[in-house]
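Since the structure comes first, as structure tokens, the remarks are kept for the end.
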4 protein chains.
Amino acid sequence: MSVVKIMWKRERRKEERPGEIVKAAFEAFSERGFAATRLEDVAALAGVTKGTIYVYFETKEKLFEAMVRHYSSRMLADADAMLAAEQGSCRERLEAFLSFIYLRCARNRTGREIIRFIVTESKSFPRLVEDNYRDFIAPTMLLVGELLAAGVANGEFRKNVTRETAEIVLAPMVFLSILRLILDDGLKIDEDAYVAAHIDLALNGLLAPASR
Amino acid sequence: MSVVKIMWKRERRKEERPGEIVKAAFEAFSERGFAATRLEDVAALAGVTKGTIYVYFETKEKLFEAMVRHYSSRMLADADAMLAAEQGSCRERLEAFLSFIYLRCARNRTGREIIRFIVTESKSFPRLVEDNYRDFIAPTMLLVGELLAAGVANGEFRKNVTRETAEIVLAPMVFLSILRLILDDGLKIDEDAYVAAHIDLALNGLLAPASR
Amino acid sequence: MSVVKIMWKRERRKEERPGEIVKAAFEAFSERGFAATRLEDVAALAGVTKGTIYVYFETKEKLFEAMVRHYSSRMLADADAMLAAEQGSCRERLEAFLSFIYLRCARNRTGREIIRFIVTESKSFPRLVEDNYRDFIAPTMLLVGELLAAGVANGEFRKNVTRETAEIVLAPMVFLSILRLILDDGLKIDEDAYVAAHIDLALNGLLAPASR
Amino acid sequence: MSVVKIMWKRERRKEERPGEIVKAAFEAFSERGFAATRLEDVAALAGVTKGTIYVYFETKEKLFEAMVRHYSSRMLADADAMLAAEQGSCRERLEAFLSFIYLRCARNRTGREIIRFIVTESKSFPRLVEDNYRDFIAPTMLLVGELLAAGVANGEFRKNVTRETAEIVLAPMVFLSILRLILDDGLKIDEDAYVAAHIDLALNGLLAPASR
DNA sequence: AATGAATGAGGGTTCATTCAT
DNA sequence: TATGAATGAACCCTCATTCAT
């Protein structure tokens with residue numbers, strides 16, 4: 001394949017190019033952040049030259065935004081449907097949702113890197129935060145909030161669920177993402193055990209029955 | 001008289017310069033990240049010129065590292081002492097420790113920005129993560145882990161505390177930091193209520209007594 | 001039927017393409033000068049794509065030269081014939097020629113822009129000047145010079161007509177062109193009055209009869 | 001001198017640098033026009049590196065504007081004073097003024113190149129035309145207009161002096177400038193004879209006394 | 001003949017770093 | 001010690017040109 005490639009000086013692949021460049025941009029920006037990434041690196045990763053990037057993207061900023069949009073767009077997509085589809089008690093539905101979101105965010109490199117982009121570039125790309133908050137974070141919190149409220153209503157959950165509980169319930173997932181992001185392969189954690197511990201703690205708390 | 005004054009100013013400055021530059025570096029790097037920050041911005045904030053920075057710091061990288069080291073060094077310092085000093089039940093000590101660490105990290109801009117630096121520059125400054133993990137994150141987890149173990153041992157806490165529980169217990173604090181970092185003043189959360197909800201959930205869990 | 005039509009369009013296009021490109025080149029190069037004009041602009045104005053230009057012209061330079069040649073070629077064409085055809089006194093013939101050349105150069109956008117090209121690109125395209133001087137400027141001066149000489153010979157004109165008089169007689173026409181070029185619509189001059197004043201001054205001079 | 005220069009890797013000449021760069025800019029922009037001139041050429045001519053230019057000028061455009069402003073600022077400066085100081089008849093004062101302005105514009109390379117800049121870059125730098133028209137061209141025309149009006153008033157000049165006469169009287173000077181600009185050393189004209197012929201024609205016209 | 005995706009050399013601009021003062 | 005003029009490597013972006021279709 002690469003031999004053929006070498007023979008073809010100019011490959012014309014209008015359909016595929018943008019996708020390849022966005023993918024390369026994801027890898028490059030993940031590796032070094034927006035400012036420190038050279039467009040030449042993106043180009044090299046995509047197997048094109050610098051100029052080609054500008055055929056499809058106006059500026060480095062626009063490429064970055066397009067890339068984040070591409071990778072975050074599919075995130076919430078079916079979360080809603082998934083939660084709606086889920087049957088059973090609120091507890092079961094919460095467990096299912098947590099498992100689902102772990103899969104989508106923490107245990108999925110794409111999800112983790114999106115989180116990194118948001119933290120890393122929130123100052124330079126305020127829209128990145130705005131969009132993600134509006135389209136992903138806020139709706140997720142809302143979903144969980146409604147689930148919690150339903151649980152309180154039907155007596156499954158304790159009455160002291162508050163406005164902040166959703167954030168607190170989801171926090172361990174974000175934290176695991178962060179730990180993976182900064183420690184990479186250095187993180188020695190059994191993720192299944194982590195998720196199980198998370199669910200257990202969220203549902204049952206630390207206190208022994210006797211202590212209550 | 002004015003001669004004496006001028007000399008005084010110079011003498012004092014000599015001592016304070018590095019500190020002023022480190023402070024300026026914190027502000028500048030917080031605002032734009034490492035790569036996008038110009039040494040000239042740091043210099044302007046410090047009230048000196050670019051050249052002066054090189055009197056005290058070899059490179060931009062060294063300045064960044066020195067700055068992070070400076071601001072994170074005092075973090076753990078007294079956490080240990082504080083926890084040791086704390087009396088009372090494990091539950092009380094945990095509550096105290098959580099409050100303490102919220103104060104130190106999430107509700108303190110310096111702490112939050114250190115978290116951002118770690119997430120933002122972990123790839124470019126692996127030592128930053130290594131040092132912080134070794135000196136701060138790991139010890140903190142260890143402290144909490146020991147506290148939890150003690151609570152289990154004396155019957156205060158449930159028996160299913162695991163290796164991962166410490167991370168999960170602390171996660172909401174990190175998540176609050178992240179939310180503040182990315183939403184800045186846009187975050188409409190009552191932090192006292194958040195901390196209270198966090199402690200309540202960690203101790204009691206979601207499930208209503210009847211559901212258990 | 002539509003097939004025939006389409007073929008017709010193509011056939012006709014084939015003939016017209018170079019002309020359309022040259023026309024577009026004139027507009028584009030007029031607007032921004034040689035260096036600052038992008039071939040893409042020319043293409044867009046011509047209703048073709050960049051590649052098409054290269055079907056007809058080897059380089060940007062060659063296109064520019066062809067364009068200037070095209071628009072300046074017809075300038076002198078009939079000036080000679082016109083002057084030869086003109087009957088009457090030398091004074092009448094000079095008046096006729098000045099009116100003619102105003103029409104051709106100053107009051108005609110094409111003529112003005114050619115003048116601009118010559119001034120603008122004389123350094124980068126020495127041939128442009130050489131060709132225009134040889135084919136247009138020099139012959140024009142010669143024509144006027146001969147007319148002036150004839151006038152001197154037959155007693156119509158004063159005897160102190162010199163080698164430089166032709167340039168001086170024609171200068172106001174060039175100056176008007178320049179003013180139009182740089183002031184565009186901002187030039188508030190009655191061109192008819194200008195031409196009349198020019199002819200009057202050239203023939204009669206400033207001095208009142210009494211002063212001579 | 002150059003030996004010394006070679007030994008000094010970095011010359012610090014804050015006072016002289018901007019002037020040297022402006023001078024180099026004049027040479028470079030004269031030679032190739034704004035768009036085709038590389039800042040590196042300017043730097044080389046000024047004996048500095050590209051970066052140094054940006055110590056003193058924000059952009060290439062700003063440098064160009066500063067350069068034109070520098071070289072055209074002194075043009076009108078004393079023209080007014082000169083004309084006011086001039087004694088004698090209107091005819092003598094006009095002759096003196098024409099000689100003066102030939103010296104300032106046509107026979108002075110700086111003056112000629114300013115004229116070229118105005119023609120060349122009028123589209124890209126409208127301010128260049130505006131400023132020069134307001135500060136130089138319009139006042140010059142006004143001066144000459146007043147002189148002509150005075151001459152008409154005192155009977156020296158013919159009564160048919162009009163609004164356009166000033167332009168026509170000055171045109172040969174501009175035309176000589178243009179010819180020099182485009183033909184450079186190729187222009188075989190005796191400038192003294194040209195000026196003399198100009199003045200003679202302007203004053204006396206072409207027509208022989210008998211023809212009037 | 002016409003297209004337009006792809007190229008890559010080159011230019012404007014930035015900025016960490018140096019060093020004479 | 002402090003300065004800031006000067007440097008030059010490097011980066012983003014442009015655009016004339018090529019060439020497979």
Side-chain angles (χ1 to χ4, degrees), chain A residues 8-18 35-43 46-61 63, chain B residues 10-11 13-15 17 35-43 46-63, chain C residues 10-11 13-15 17-18 35-43 47-63, chain D residues 8-18 35-43 46-61 63:
Chain A
W8 286 348
K9 276 197 170 177
R10 281 159 195 237
E11 284 186 87
R12 297 167 55 92
R13 297 192 291 175
K14 195 193 176 187
E15 307 301 310
E16 299 152 31
R17 280 278 187 262
T37 296
R38 292 173 301 152
L39 241 11
E40 205 159 17
D41 296 337
V42 177
V48 299
T49 58
K50 266 191 300 180
T52 304
I53 294 179
Y54 285 89
V55 174
Y56 300 98
F57 303 93
E58 287 177 58
T59 61
K60 193 187 179 187
E61 277 80 7
L63 169 60
Chain B
R10 273 192 191 150
E11 292 303 313
R13 273 286 155 91
K14 201 188 287 183
E15 309 298 305
R17 280 272 191 266
T37 295
R38 294 175 301 155
L39 242 12
E40 203 160 17
D41 296 336
V42 177
V48 299
T49 58
K50 270 192 296 181
T52 305
I53 295 178
Y54 283 87
V55 173
Y56 300 100
F57 303 92
E58 285 177 58
T59 64
K60 193 188 180 188
E61 278 80 8
K62 291 273 174 64
L63 169 60
Chain C
R10 270 192 193 151
E11 292 303 314
R13 271 289 156 91
K14 200 186 287 184
E15 310 298 306
R17 279 273 192 266
T37 296
R38 294 175 302 154
L39 243 11
E40 202 160 20
D41 296 336
V42 177
V48 299
T49 56
K50 271 190 296 181
T52 306
I53 295 179
Y54 283 87
V55 174
Y56 299 100
F57 304 92
E58 284 176 60
T59 62
K60 192 187 178 188
E61 278 80 6
K62 291 271 173 66
L63 169 61
Chain D
W8 288 348
K9 276 194 169 176
R10 281 160 194 235
E11 286 185 86
R12 297 166 56 93
R13 299 193 291 177
K14 196 193 176 186
E15 307 302 310
E16 299 148 32
R17 280 280 188 260
T37 296
R38 292 174 299 153
L39 241 11
E40 206 160 14
D41 296 337
V42 177
V48 298
T49 57
K50 266 193 299 178
T52 304
I53 295 179
Y54 284 89
V55 174
Y56 300 99
F57 302 93
E58 284 176 60
T59 63
K60 193 187 180 188
E61 279 79 8
L63 170 60

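The structure displayed is predicted, hence computed values, not measured ones. Order of the sequence lines fixes the chain letters, A, B, ..., with proteins taken first and strands second; residue numbering starts at 1 for each chain.
Checking F/dC13, F/dA2, E/dA1 against every side-chain atom of B/Val55, the shortest atom distance belongs to F/dA2. When distances are taken from the side chain of A/Tyr56 to each of E/dA6, E/dT3, E/dT13, the shortest belongs to E/dA6. Nearest to the side chain of B/Thr59, among F/dT17, F/dT14, E/dT17, sits E/dT17. Of the candidate nucleotides F/dT18, E/dA2, E/dT13, F/dT18 has the atom lying nearest to any side-chain atom of C/Tyr54. The side chain of D/Thr49 lies closest to F/dT7 when the candidates are F/dT3, F/dT7, E/dA5. Closest to the side chain of D/Arg38, from the set F/dA6, F/dA10, E/dG11, is E/dG11. Among E/dG10, F/dT17, F/dA2, the nucleotide with an atom closest to any side-chain atom of C/Glu61 is F/dT17.
Taking atom CD of D/Glu16 as the reference point, atom P of F/dA5 lies 14 Å away to the nearest angstrom. Atoms CD1 (D/Ile53) and C1' (F/dA5) sit 14 Å apart, rounded to a whole Å. The separation between D/Lys60 atom NZ and E/dT14 atom P is 14 Å, rounded to whole Å. Summarising the geometry, the separation between CG on C/Asp41 and P on F/dC15 is reported as 8 Å, rounded to the nearest angstrom. What separates NZ of C/Lys62 from P of F/dT17 is a distance of 10 Å, to the nearest Å. Nucleotide E/dA5 holds its C1' atom 12 Å from the CD atom of C/Glu40, rounded to whole Å. Between the CG atom of D/Leu39 and the P atom of F/dA10 there is a distance of 20 Å, given to the nearest Å.
Comparing C/Val48 and D/Thr37 by the nucleotide of DNA chain E that holds the closest heavy atom to each, the one mapping nearer the 5' end is C/Val48. Of the residues near DNA chain F, A/Glu58 and B/Gly51, the one whose nearest nucleotide (by heavy atom distance) lies more toward the 5' end is B/Gly51.
Contact record, A/Thr49 with A/Ala43: C-CB, 3.6 Å, taken as the closest heavy-atom pair. The two residues B/Thr59 and B/Tyr54 come nearest to each other via the heavy atoms CA-CE2, 4.3 Å.
Distances shown here put a side-chain N or O of D/Arg17 below 4.0 Å from the OP1 or OP2 atom of F/dA6. Checking the phosphate oxygens (OP1, OP2) of E/dG4, no side-chain nitrogen or oxygen of C/Lys50 falls inside 4.0 Å.
If you check E/dA1 for Watson-Crick or wobble pairing at under 3.5 angstrom, you find it has no partner at all. Pairing of E/dT21, defined by two Watson-Crick or G-U wobble distances under 3.5 Å, is identified with F/dA2. The partner of E/dT13, taking Watson-Crick or G-U wobble pairs whose two distances both stay under 3.5 Å, is F/dA10.
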Note to self: Using side chain to side chain contact (heavy atoms under 4.5 Å, CB included), reason through C/Leu39 and C/Leu63 one step at a time and then give a plain yes or no.
What the structure shows: CA-CA 10 Å; C/Leu39 243 11; C/Leu63 169 61; 3.9 Å; yes
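Atom CD of A/Glu16 has more than 12 heavy atoms from other residues, nucleotides or ligands within 6.0 Å.
A donor-acceptor pair is defined here as one N or O able to donate and one able to accept, closer than 3.5 Å; no such pair exists between the side chain of D/Lys50 and the backbone of D/Asp41. Distance alone, capped at 3.5 Å, is enough to place a donor-acceptor pair between the A/Lys60 side chain and the A/Thr37 backbone.
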